[in-house]
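Here the structure is laid out as C-alpha cells; the discussion comes afterwards.
Counting starts at 1 for both ligands and their atoms, in listed order.
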Amino acid sequence: MAEHVILFAGPMGAGKTTAIRSLSEIEVVSTEALNTERHVVDKATTTVGLDYGELTLGADEKVRLYGAPGQRRFAFMWDVLAQRARGLMLLVNNDAPDPLESTRRFLAQFPALVEKGAVVVGVSRTDLARTPLVHEYARAIAGWHPGRTIPVFTADPRSASHMRTLLMALVANVEAAELLSEQQPEVA
Ligand SMILES: Nc1nc2c(ncn2[C@@H]2O[C@H](COP(=O)(O)OP(=O)(O)OP(=O)(O)O)[C@@H](O)[C@H]2O)c(=O)[nH]1
Ligand SMILES: [Mg+2]
C-alpha cells in the first residue's frame, strides 16, 4: 500500500484540527489546550503539539495526516513535522488581519516542500471574509515563488468532501513532483 505523509500547517484558527477531524477515518489524536490567546482568535482550545489522523484514498493509498500548531511559540514543531512530510496543506483563514502576509510567511517556513512542488493552499472562512480572492493569492504566490505550481482553493475545513478534493489535488501533485525528480538526469 502506498503511503503519504501530509502536514497541515497555517495560522491559528485556520482550521487545521477541524480539517483533520473531517478527513480522518480513525479517531484523531489531538493535543488541544485551553486557548489563552482569545484576543487573537476567539475559540476555546488551540493545538500545542500535533494532531494525527489517517485515511485511505482509493483502494491502496494510505494517507497519514499531521496537524501542526498555528502559534509561533510552538514553531519548533513545524520543522519536526516537515522532516517527515511529503506534502504540505497550507490552510489560511481569510478573516485574519493580513492573510496574504501569513501565506507568505508560512510558505517561507517550508522551503523544501515549496521547492519540490508539494504544496496546496486552502483558503478557509471565506463565508466570514470574502476577500482576498483566490486569484489574488495565486498572483501573490506566483510573485514570491516564480516557476512553482502552488494551487489555491477556497475550502471549508468542516466539510469532508471539500477537504478530500484538496487532499487529492495535493497527493496528485506530490506524486507528479516525485516522479519528475526521479526522471531528472544526474548532474555530473
Ligand atoms: N464559518 C466558518 N468557520 C470555520 C471555517 N473553517 C473553520 N472554521 C471554524 O474555525 C475554527 C478553527 O479552529 P481549529 O480547527 O482549532 O483551527 P486550527 O487551525 O487547528 O488552530 P490552532 O491549532 O489553534 O493553530 C473552528 O471553530 C471551525 O469550526 C469556515 O470555512 N467557515
Ligand atoms: Mg489546531
Regarding Arg104 and Glu101, does a basic nitrogen lie under 4.0 Å from an acidic carboxylate oxygen?
yes
Would you check if Ile20 and Met163 make a side-chain contact, meaning some heavy-atom pair closer than 4.5 Å?
no
For Arg38, what residues pass the side-chain hydrogen bond (donor to acceptor under 3.5 Å, both in side chains) criterion, not counting sequence neighbours?
Asp42
Check: Leu107 and His145 side chains under 4.5 Å, non-hydrogen atoms:
yes
Hey, are Asp95 and Arg130 close enough for a salt bridge, meaning a charged N less than 4.0 Å from a carboxylate O?
no
Does ligand 1 have any N/O atom under 3.5 Å from a protein N/O, and what are those pairs and their distances?
residue: ligand 1; atom: 1 (N); partner: Asp127; partner atom: OD2; Å: 2.9
residue: ligand 1; atom: 10 (O); partner: Arg125; partner atom: NH1; Å: 2.7
residue: ligand 1; atom: 15 (O); partner: Thr18; partner atom: N; Å: 2.9
residue: ligand 1; atom: 15 (O); partner: Thr18; partner atom: OG1; Å: 2.4
residue: ligand 1; atom: 16 (O); partner: Lys43; partner atom: NZ; Å: 2.8
residue: ligand 1; atom: 17 (O); partner: Gly15; partner atom: N; Å: 3.2
residue: ligand 1; atom: 19 (O); partner: Ala14; partner atom: N; Å: 3.2
residue: ligand 1; atom: 19 (O); partner: Gly15; partner atom: N; Å: 2.8
residue: ligand 1; atom: 19 (O); partner: Lys16; partner atom: N; Å: 2.9
residue: ligand 1; atom: 19 (O); partner: Lys16; partner atom: NZ; Å: 2.7
residue: ligand 1; atom: 20 (O); partner: Thr17; partner atom: N; Å: 2.9
residue: ligand 1; atom: 20 (O); partner: Thr17; partner atom: OG1; Å: 2.9
residue: ligand 1; atom: 21 (O); partner: Gly13; partner atom: N; Å: 3.0
residue: ligand 1; atom: 21 (O); partner: Lys43; partner atom: NZ; Å: 3.1
residue: ligand 1; atom: 23 (O); partner: Thr47; partner atom: N; Å: 3.1
residue: ligand 1; atom: 23 (O); partner: Thr47; partner atom: OG1; Å: 2.8
residue: ligand 1; atom: 24 (O); partner: Lys43; partner atom: NZ; Å: 2.8
residue: ligand 1; atom: 24 (O); partner: Thr46; partner atom: OG1; Å: 2.5
residue: ligand 1; atom: 25 (O); partner: Lys16; partner atom: NZ; Å: 2.9
residue: ligand 1; atom: 25 (O); partner: Gly70; partner atom: N; Å: 2.9
residue: ligand 1; atom: 31 (O); partner: Arg125; partner atom: N; Å: 2.9
residue: ligand 1; atom: 32 (N); partner: Asp127; partner atom: OD1; Å: 2.8
residue: ligand 1; atom: 32 (N); partner: Asp127; partner atom: OD2; Å: 3.4
residue: ligand 1; atom: 32 (N); partner: Arg158; partner atom: NH2; Å: 3.2

Ring pair (Phe, Tyr, Trp, His ring centres under 6.0 Å) partners for Tyr52, two or more places apart
Tyr66
Tell me if a side-chain donor or acceptor on Lys16 pairs with a main-chain N or O of Gly10 at a distance below 3.5 Å.
yes
Could you please tell me which protein N, O or S atoms lie under 2.8 Å from the Mg ion (ligand 2)?
Thr17 OG1, Thr47 OG1
With side chains defined as the heavy atoms from C-beta onward, is the minimum distance between Trp144 and Thr103 less than 4.5 Å?
yes
With the side chain counted from C-beta on, respond yes when Trp78 and Arg72 share a heavy-atom pair under 4.5 Å apart, and no when they do not.
yes
